[in-house]
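Note sheet for the following structure.
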Amino acid sequence: MFARFRKYVASRSPQYFAGALAVIVAIAVLLLPSPYVIEMPGPTQDVLGKADGSDVIAISGDSVATYKDSGKLLLVTVSASGVPGYPIINAQAVWGWANPHVEVMPREAVVPIGQTADEYQSKVDEDMSGSQNKASAVGLKYAKQHANELGIDAEALANAHVEMHVDKIGGPSAGMMYTLGLIDKLTPAKESGGAIIAGTGTINAKGKVGKIGGIRLKMLGAKRDGATWFLAPAGNCGEVAGHVPQGVRDVRVSTLDEAYQALVAIGKGQGERLPHCSA
């Protein structure tokens with residue numbers, strides 16, 4: 001057997017073995033843990049619907065009335081791999097670079113150096129909880145301030161209790177959509193007019209819609225799940241212009257009131273007059 005091996009080696013050139021070694025090294029490198037994060041369009045969730053059998057937005061309280069809409073309001077997400085607790089190998093990063101619907105970034109650009117899986121998950125959950133709490137407070141405040149024009153019993157809202165339930169989704173970027181969903185459920189009008197409307201953006205106590213990350217991927221997720229409208233924070237317009245998927249119309253919004261008025265206009269078939277992001 002040894003003689004046969006020597007004969008095999010003698011019949012091959014040094015370049016052959018150099019090439020074979022290079023292939024082995026390349027495969028080994030591709031299988032090593034990667035220092036990159038890959039992001040792609042994540043799942044969406046209708047904030048007017050249910051998640052795991054429970055209402056995404058549950059409103060309770062004496063004399064508090066809620067209503068159903070005929071359309072959908074989709075919060076959008078980005079799925080990330082390579083973050084703490086979700087490691088990837090270099091082969092996956094290479095695949096991401098070759099995929100136009102995937103973004104690849106150094107891990108330190110996404111998460112702090114040395115962050116553990118528990119710390120990462122805790123931060124994601126904390127951001128989501130904070131986003132939901134702000135959305136509840138801001139949404140109820142807006143509903144009270146505009147109760148007469150929205151057909152809401154303002155006095156009943158004093159006893160309103162709001163709970164928001166979405167599993168396996170984190171971060172602060174769904175704040176605006178949670179707030180719109182809450183207002184929609186409190187009003188007898190079917191604001192969406194049956195349309196599927198997606199959107200993203202943080203919300204603060206004054207009702208300002210804030211810039212978020214990954215908006216191009218989120219628009220792709222919105223189109224994949226049937227949205228024909230996308231409410232985009234004005235602060236993200238530089239990333240939105242020229243990258244809106246075919247069949248989706250973006251709407252630029254800076255405040256909760258602008259977002260709600262856009263929702264109403266879309267439901268009435270007047271969405272084309274709304275402002276959009278431009279280069």
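Residues take their numbers from the sequence shown, with the count starting at 1.
Legend: residues meeting side chain to side chain donor-acceptor pair (under 3.5 Å) with Asp125, ordered by chain and number and at least two apart, are Gln121. Under the rule for a ring-ring contact (aromatic ring centres under 6.0 Å, His included), the partners of Tyr260 that lie at least two apart in sequence or sit in another chain are Tyr142. By the side chain to side chain donor-acceptor pair (under 3.5 Å) test, Asp46 pairs with no residue at all, sequence neighbours left out. Take Glu155 and apply the salt bridge (charged side-chain N to carboxylate O under 4.0 Å, His left out) test, not counting sequence neighbours, and it matches no residue. Scored by the side chain to side chain donor-acceptor pair (under 3.5 Å) test, His276 finds no partners at all (sequence neighbours excluded). With sequence neighbours excluded, the residues satisfying salt bridge (charged side-chain N to carboxylate O under 4.0 Å, His left out) with Lys123 are Asp127. For Ser129, the side chain to side chain contact (heavy atoms under 4.5 Å, CB included) test picks out Asn133, with sequence neighbours left out. In this structure, Thr66 has no side chain to side chain donor-acceptor pair (under 3.5 Å) partners at least two apart in sequence or on a different chain.
Interatomic distance, Ile266 CD1 to Arg273 CZ, rounded to the nearest 0.5 Å: 10.0 Å. Of the inter-residue distances, the one linking Lys134 atom NZ with Thr202 atom OG1 reads 7.0 Å to the nearest 0.5 angstrom. Once rounded to the nearest 0.5 Å, the distance linking CD1 of Ile27 with CG of Leu32 reads 12.0 Å. Atoms OG and NZ, from Ser136 and Lys141 in turn, are 14.5 Å apart once rounded to the nearest 0.5 Å. A distance of 7.5 Å separates CG of Asn236 from OG1 of Thr200, quoted to the nearest 0.5 Å. Within the model, atoms CD1 of Ile203 and OG of Ser131 stand 9.0 Å from one another, a figure rounded to the nearest 0.5 Å.
Every pair passing side-chain hydrogen bond (donor to acceptor under 3.5 Å, both in side chains) that includes a residue from residues 171-185 is listed here, sequence neighbours excluded: Gln132-Tyr178, Ser173-Lys218. Within the structure, the disulfide bond (SG atoms under 2.5 Å apart) test picks out the following pairs touching residues 197-278 (sequence neighbours left out): Cys237-Cys277. Identified under the side-chain hydrogen bond (donor to acceptor under 3.5 Å, both in side chains) test for residues 72-97, with sequence neighbours left out: Ser34-Asn90. The ring pair (Phe, Tyr, Trp, His ring centres under 6.0 Å) pairs that include a residue from residues 209-258 number zero, where partners must be two or more places apart or lie in different chains.
Residues Val64 and Ala156 approach most closely at CG2-O, 3.3 Å, considering heavy atoms. Of all non-hydrogen atoms in Ser192 and Ser70, the two that sit nearest each other are OG-C, 4.2 Å. Here the closest non-hydrogen pair linking Gly201 and Ile212 is CA-CG2, 3.8 Å. When all heavy atoms of Val104 and Gly96 are compared, the pair lying nearest together is CG2-C, 3.6 Å. Between Ala227 and Val248, the shortest heavy-atom distance links the atoms O-CG2, 3.6 Å. The two residues Pro41 and Leu220 have their closest heavy-atom pair at CG-CB, 3.8 Å.
In the hydrophobic cluster analysis, where Ile, Leu, Val, Met, Phe, Trp and Tyr join through side-chain heavy atoms closer than 4.5 angstrom, Ile152 is grouped together with Leu263. When hydrophobic clusters are built by joining Ile, Leu, Val, Met, Phe, Trp and Tyr residues whose side-chain heavy atoms come closer than 4.5 Å, directly or via intermediates, Met164 is grouped together with Leu157. Hydrophobic clustering (ILVMFWY, side-chain heavy atoms < 4.5 Å, transitive): Met105 and Ile38 are in distinct clusters. Placement of Val264 and Leu231 within a single hydrophobic cluster is found when ILVMFWY residues are connected by side-chain heavy-atom separations under 4.5 Å, directly or transitively. Put simply, Leu180 and Val166 are part of the same group of oily side chains (I, L, V, M, F, W, Y) that touch within less than 4.5 Å, one to the next.
At least one side-chain heavy atom of Val253 sits less than 4.5 Å from a side-chain heavy atom of Met176. Within the 4.5 Å cutoff, the side chain of Val162 has heavy atoms near those of the Ile57 side chain. In this structure, the side chains of Leu256 and Ile183 come closer than 4.5 Å at one or more pairs of heavy atoms. Considering only heavy atoms from C-beta on, Thr187 comes within 4.5 Å of Glu191 through its side chain.
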- Show your working on side chain to side chain contact (heavy atoms under 4.5 Å, CB included) between Val56 and His165 and close with a plain yes or no. CA-CA 5 Å; Val56 174; His165 169 78; 5.9 Å; no
- Does the pair Ile197 and Leu74 meet the rule for a side chain to side chain contact (heavy atoms under 4.5 Å, CB included), with working shown? CA-CA 6 Å; Ile197 303 165; Leu74 301 183; over 6 Å; no
- Task: Test side chain to side chain contact (heavy atoms under 4.5 Å, CB included) on Val240 and Met219 and set out the steps.
- Result: CA-CA 9 Å; Val240 172; Met219 289 192 294; 4.0 Å; yes
- Query: Glu39 and Val37: side chain to side chain contact (heavy atoms under 4.5 Å, CB included), yes or no, with the steps?
  - Reply: CA-CA 7 Å; Glu39 294 185 341; Val37 170; 4.1 Å; yes
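Looking at Arg224, its side chain does come within 3.5 Å of a backbone N or O of Gly42 through a donor-acceptor pair. Distance alone, capped at 3.5 Å, places no donor-acceptor pair between the Arg249 side chain and the Thr228 backbone. Under the 3.5 Å distance criterion, the side-chain polar atoms of Gln45 are matched with a main-chain donor or acceptor of Lys50.
Residues Arg216 and Glu239 are not paired through a salt bridge, judged by the lack of any N-O separation under 4.0 Å between the basic side chain and the carboxylate. The pair Asp69-Lys190 does not meet the salt-bridge criterion, since no charged nitrogen lies less than 4.0 angstrom from a carboxylate oxygen.
Counted by atom type alone, Glu126 and Ser122 present zero donor-acceptor pairs between their side chains at under 3.5 Å.
Residue Lys144 qualifies as enclosed at atom NZ: its count of foreign heavy atoms under 6.0 Å is above 12.
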